[in-house]
Amino acid sequence: MDANKRSDKAVDKFLNGYLCSQAVLDAFAEDLGMDAATAAKLATPFGAGTARNGELCGAVAGALIALGLAEASPDPTDQDARDRLFERVNEFRRRFLDVHGSISCRQLLGYNIGDPREHDLAVQQEVFTSKCPLYVSAAIEILDDMLTSGK
């Protein structure tokens with residue numbers, strides 16, 4: 001599936017109830033040999049900046065889970081493989097930062113969504129429907145490019 005279709009599908013799922021982390025991981029799940037239900041469960045804790053704490057952007061977290069599933073070594077003691085994966089994670093991070101300037105949910109949204117009042121303000125300002133789809137799309141496009149081009 002090309003990146004645009006993958007992105008459109010994920011944004012649609014996000015706008016229809018998936019968390020950002022779930023939508024991004026779901027976009028790659030089939031290619032990684034994972035069923036959608038397992039992907040959704042695995043990604044759930046990382047939604048809304050890790051359980052609505054505004055920390056690491058959930059779209060970024062979903063992409064990093066997918067990257068780990070795609071490229072991590074099955075041997076957890078393989079230091080060289082770990083180092084290579086960490087290089088790839090840092091490449092993803094750099095590319096997302098280049099586009100959006102942050103990987104922090106709180107900074108990207110401009111609200112501390114862990115604070116109920118700020119979360120309510122973010123909802124009122126339609127931040128989740130106006131900004132989050134951009135981050136979901138960016139995470140998918142960057143990861144898709146990295147996985148298909150090898151860089």
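Looking at residues two or more places apart in sequence or on another chain, you find no salt bridge (charged side-chain N to carboxylate O under 4.0 Å, His left out) involving Asp12.
By the criterion of side-chain heavy atoms lying less than 4.5 angstrom apart, applied directly or through intervening Ile, Leu, Val, Met, Phe, Trp or Tyr residues, Leu19 is not grouped with Leu42; the two fall into different hydrophobic clusters. Hydrophobic clustering keeps Tyr18 apart from Leu64 (ILVMFWY residues linked when any side-chain heavy atoms are closer than 4.5 Å, directly or through intermediates). Criterion: ILVMFWY side-chain heavy atoms under 4.5 Å apart, direct or through other members. Under it, Val136 and Leu97 are part of a common hydrophobic cluster. Grouping the Ile, Leu, Val, Met, Phe, Trp and Tyr side chains by contacts below 4.5 angstrom, directly or via other members, places Val24 with Leu15. At a threshold of 4.5 Å between side-chain heavy atoms, the hydrophobic network of Ile, Leu, Val, Met, Phe, Trp and Tyr places Val123 and Tyr135 in one connected group.
Applying the ring pair (Phe, Tyr, Trp, His ring centres under 6.0 Å) test to residues at least two apart or on different chains, the pairs with a partner in residues 51-96 are Phe96-His100. A ring pair (Phe, Tyr, Trp, His ring centres under 6.0 Å) check over residues 109-133, counting only residues at least two apart or in different chains, returns the pairs His119-Phe128.
Inspection of the Asp83 and Gln79 side chains reveals an N or O donor paired with an N or O acceptor under 3.5 Å.
Using modelled atom types, no side-chain atom of Ser102 and backbone atom of Leu108 make a donor-acceptor pair closer than 3.5 Å. No donor-acceptor pair under 3.5 Å is formed between the side chain of Ser21 and the backbone N or O of Gly62. Counting only distance, with no hydrogens or angles, the side chain of Arg106 and the backbone of Ile113 share no donor-acceptor pair below 3.5 Å. Distance alone, capped at 3.5 Å, places no donor-acceptor pair between the Ser7 side chain and the Ala3 backbone. Side chain of Arg88 to main chain of Met146: a donor-acceptor pair is present (N/O by atom type, distance under 3.5 Å, no hydrogens or angles). Asn53 contributes no side-chain N or O that, together with a main-chain N or O of Glu55, makes up a donor-acceptor pair within less than 3.5 Å.
The minimum heavy-atom distance linking Lys9 with Asp26 is given by the pair CE-OD2, 3.9 Å.
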Begin with the C-alpha distance, continue with both residues' side-chain angles, and end with the deciding distance and a verdict on side chain to side chain contact (heavy atoms under 4.5 Å, CB included) for Leu25 and Leu69. CA-CA 10 Å; Leu25 184 56; Leu69 289 168; 4.3 Å; yes
Test side chain to side chain contact (heavy atoms under 4.5 Å, CB included) applied to Phe28 and Met34, step by step: CA-CA 9 Å; Phe28 294 94; Met34 181 182 295; over 6 Å; no
